[in-house]
There are 2 protein chains.
Amino acid sequence: MQNRLTIKDIARLSGVGKSTVSRVLNNESGVSERTRERVEAVVNQHGFSPSRSARAMRGQSDKVVAIIVSRLDSLSENLAVQTMLPTFYEQGYDPIMMESQFSPDLVEEHLHMLRRRNIDGVVLFGFTGVTEKLLSSWRASLVLLARDAKGFASVCYDDEGAINLLMQNLYDQGHRHISFIGVPHSDITTGKRRHEAYLAFCERHQLTPNFILPGLAMKHGYDNVASVLTPDTSALLCATDTLALGASKYLQEQRIDNLQLASVGNTPLMKFLHPEIVTVDPGYAEAGRQAAAQLIDQVNGRTDPRQIVIPAHLA
Amino acid sequence: MQNRLTIKDIARLSGVGKSTVSRVLNNESGVSERTRERVEAVVNQHGFSPSRSARAMRGQSDKVVAIIVSRLDSLSENLAVQTMLPTFYEQGYDPIMMESQFSPDLVEEHLHMLRRRNIDGVVLFGFTGVTEKLLSSWRASLVLLARDAKGFASVCYDDEGAINLLMQNLYDQGHRHISFIGVPHSDITTGKRRHEAYLAFCERHQLTPNFILPGLAMKHGYDNVASVLTPDTSALLCATDTLALGASKYLQEQRIDNLQLASVGNTPLMKFLHPEIVTVDPGYAEAGRQAAAQLIDQVNGRTDPRQIVIPAHLA
DNA sequence: CTGTTAGCGCGTTCAT
DNA sequence: ATGAACGCGCTAACAG
């Protein structure tokens, strides 16, 4: 690059020593107000900013974090990343992005690369197959998103709360035959927890459950709606908006418009394609913020790994 | 971080000098085959990799690039980013992500921050309002995507070719009344170029154009389909798949199923929601690869900024 | 309060 | 072909 000026130049220009400039730059105490002001003036005047690399070499931290999403085009993950980025930038962290494509092997590969790069921390969007063993060496500098694991920091959605909110809403609307379409239990959060919350609600209110757990692709929703519809069914609850998208397509094709749709997930696309849907926002935006904040606190030793649950709310 | 070993340790462990290790690491000539092998053995054995920051400090490049997307949830941009990431990683570049939200001010702000970080290069997804002036200081280290600007490297889609492909396909299917829904001319590529290609095709084949240019939101598609439908209309061409998504929703609601839909853009979602659509793939994946490759070549002084056009092809 | 000195890990002369 | 010495820009330890 060109002749960027250095801390030394600033020192010369403001007639002080390098260390004083350094102190000012880092807001350290022990600098007279007058000197501080003078140095700051020169710094601003020249738009000086210290070299990241040099800093990193001394401080041992290059202020870089990684965000590993499952897929770049995941609607829900995008909403979380969207709030994560500004949070990182505000704190001076550069977030680099990676895609896991739901492959534990890829995650491992990425983590390896990150280890060698001496990165500060990682936000990992969890999925079935990401084991604790895989992450063990990152305990101190990892935040798991949408998943929890013992001993790891995590930001989770309130699966049970979300389903309850939705069920209660449907129930209050008078629905008594609510079918459920979800994800297999191999997926703990989106699969097991949401399904069980559905079952529990049914039991509490003496409703007859009617469900299927095909998977989390849109096509799964589309292909399986029919199988949970009875003549009585008046509402359909989907574990994710992706499933709801598939279900919605089926319903509109079949011209079934007397079925109240509901889903977890508050993505703009869903709202556009099927405005009549009832959704809960699992708090994607808030989750992104918290995950970033937690990671930063953690790598700075301000807090230990802890598990955060984001409360869901009706959209 | 903890006691990562340094080039010095490797030197000691393999019984050579630091400089020799450095030479091996950088594949420089002037090292005997035997020594090289010995050093490489030690390096691999300990999984050693040189400190990025220290390297950056000497070499002036920290091997970090930025990707500024308009929106994280842009379907088309995602497809390009998806191929960009691996390309950057292969070459040892860390890609950090930013969102412009279609705001020139935000772009400017981000570029400022990147300048101060002494970043190597930027891939910027262009949009209306991004002026050459805004980018002038990045001439050498910027690749514009989906937009071109004089003097800047760019990777563009072949708007005219894409429309022609689609129109020809519809024409060959026997359609003679093809309506068009697009984007205002203030958007040069997606708006003006695609619209003009449509008009030109109509003129060449003596078709009567029937179009509207409401904007690029889904709702624009949804709200405006009706206005371009005549009793004769047998096909509808959409400038983008986002518009097509909106149009598709309208058509399905109105139970209009004798209208052939076509659009530029080959996103999985579109294909799922409306399988009967004819699409051209503008070459998002290829664009991502090329953009990354061009940027890398450029920042390494291997090539000057140049304008690349990706050929479109029927999906 | 402030300036001076000594490295951090690496690439780069310059001798050998 | 190889090693010793120097310095990149910065922070930390030590003097004053």
Side-chain angles (χ1 to χ4, degrees), chain A residues 1-43 46-64 92 115-120 300, chain B residues 1-43 46-64 92 115-120 300:
Chain A
M1 299 300 172
Q2 52 274 44
N3 307 321
R4 277 176 61 101
L5 14 66
T6 81
I7 195 179
K8 200 171 172 181
D9 300 316
I10 303 296
R12 189 171 36 75
L13 287 168
S14 40
V16 299
K18 298 191 312 180
S19 359
T20 304
V21 178
S22 177
R23 289 188 185 99
V24 172
L25 255 28
N26 299 334
N27 280 317
E28 282 174 24
S29 61
V31 181
S32 78
E33 203 46 47
R34 296 208 308 109
T35 340
R36 179 177 298 270
E37 279 171 12
R38 192 145 40 91
V39 173
E40 275 171 349
V42 178
V43 166
H46 294 271
F48 168 81
S49 76
S51 146
R52 276 177 89 72
S53 357
R55 255 198 168 157
M57 209 171 75
R58 283 313 284 116
Q60 309 288 38
S61 155
D62 33 9
K63 297 252 235 180
V64 175
R115 171 69 72 212
R116 302 185 45 210
R117 297 267 167 102
N118 201 28
I119 225 134
D120 290 294
N300 289 34
Chain B
M1 297 298 174
Q2 50 274 47
N3 309 320
R4 278 174 60 101
L5 14 66
T6 81
I7 196 178
K8 201 170 170 181
D9 300 317
I10 303 297
R12 189 173 32 76
L13 286 168
S14 39
V16 300
K18 300 190 311 183
S19 352
T20 305
V21 178
S22 176
R23 291 191 183 97
V24 172
L25 254 27
N26 300 343
N27 281 316
E28 281 174 25
S29 61
V31 181
S32 78
E33 204 43 49
R34 295 207 310 107
T35 339
R36 179 178 299 271
E37 279 170 13
R38 195 146 37 92
V39 173
E40 275 171 348
V42 178
V43 166
H46 294 277
F48 168 81
S49 74
S51 147
R52 275 176 88 71
S53 355
R55 258 201 164 152
M57 209 171 70
R58 292 299 297 109
Q60 309 287 41
S61 155
D62 34 8
K63 291 225 168 208
V64 174
R115 171 68 73 212
R116 303 184 45 212
R117 299 265 166 105
N118 203 27
I119 225 137
D120 290 295
N300 289 34

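In what follows, chains carry the letters A, B, and so on, assigned in the order in which the sequence lines appear, proteins first and then strands, with residues in each chain numbered from 1. Side-chain atoms are counted along with the backbone in the values below, which use heavy atoms only and exclude waters and symmetry mates.
A 4.5 Å side-chain heavy-atom check between R117(B) and V64(B) finds every atom pair outside the cut-off.
For the pair T20(B) and dT2(D), the criterion of a side-chain N or O lying under 4.0 Å from OP1 or OP2 is not met.
Counted by atom type alone, S53(B) and D62(A) present zero donor-acceptor pairs between their side chains at under 3.5 Å.
Axis angle between the ends of the helix from dC1(C)-dG16(D) to dT16(C)-dA1(D), five pairs each and rounded to 10 degrees, works out to 40°.
Applying a 4.0 Å cut-off to non-hydrogen atoms, none of the residues of residues 33-41 of chain B approaches DNA chain C.
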Give the table of side-chain donor-acceptor pairs shorter than 3.5 Å for residues 7-15 of chain A, with sequence neighbours excluded, one pair per line with atom names and distance.
unit_1 : atom_1 : unit_2 : atom_2 : d
D9(A)  : OD1    : R12(A) : NH2    : 3.2
D9(A)  : OD2    : T6(A)  : N      : 2.7
S14(A) : OG     : I10(A) : O      : 2.5

Would you mind writing out the side-chain donor-acceptor pairs for residues 18-27 of chain B within the sub-3.5 Å range, not counting sequence neighbours?
unit_1 : atom_1 : unit_2 : atom_2 : d
N26(B) : OD1    : R55(B) : NH2    : 2.5

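Distance, M57(A) CE to dA6(C) C1': 12 Å, rounded to whole Å.
Taking CZ of R52(A) as the start and NZ of K63(A) as the end, the distance is 7.5 Å to the nearest 0.5 Å. The structure places CG of N118(B) at 8.5 Å from CZ of R115(B), a figure rounded to the nearest 0.5 Å. Atom-to-atom distance recorded for S51(A):OG and R58(A):CZ is 13.0 Å, nearest 0.5 angstrom.
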Polar atom pairs between nucleotides 10-14 of chain C and protein, under 3.5 Å, N or O only, would you list them?
unit_1  : atom_1 : unit_2 : atom_2 : d
dC10(C) : OP1    : S51(B) : N      : 2.9
dC10(C) : OP2    : I7(B)  : N      : 2.3
dC10(C) : N4     : K18(B) : NZ     : 3.3
dG11(C) : OP1    : R55(B) : NE     : 2.5
dG11(C) : OP1    : R55(B) : NH2    : 3.1
dG11(C) : OP2    : S22(B) : OG     : 3.1

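For the salt bridge (Lys or Arg N to Asp or Glu O under 4.0 Å) test, no residue two or more places apart in sequence or in another chain qualifies with R36(B).
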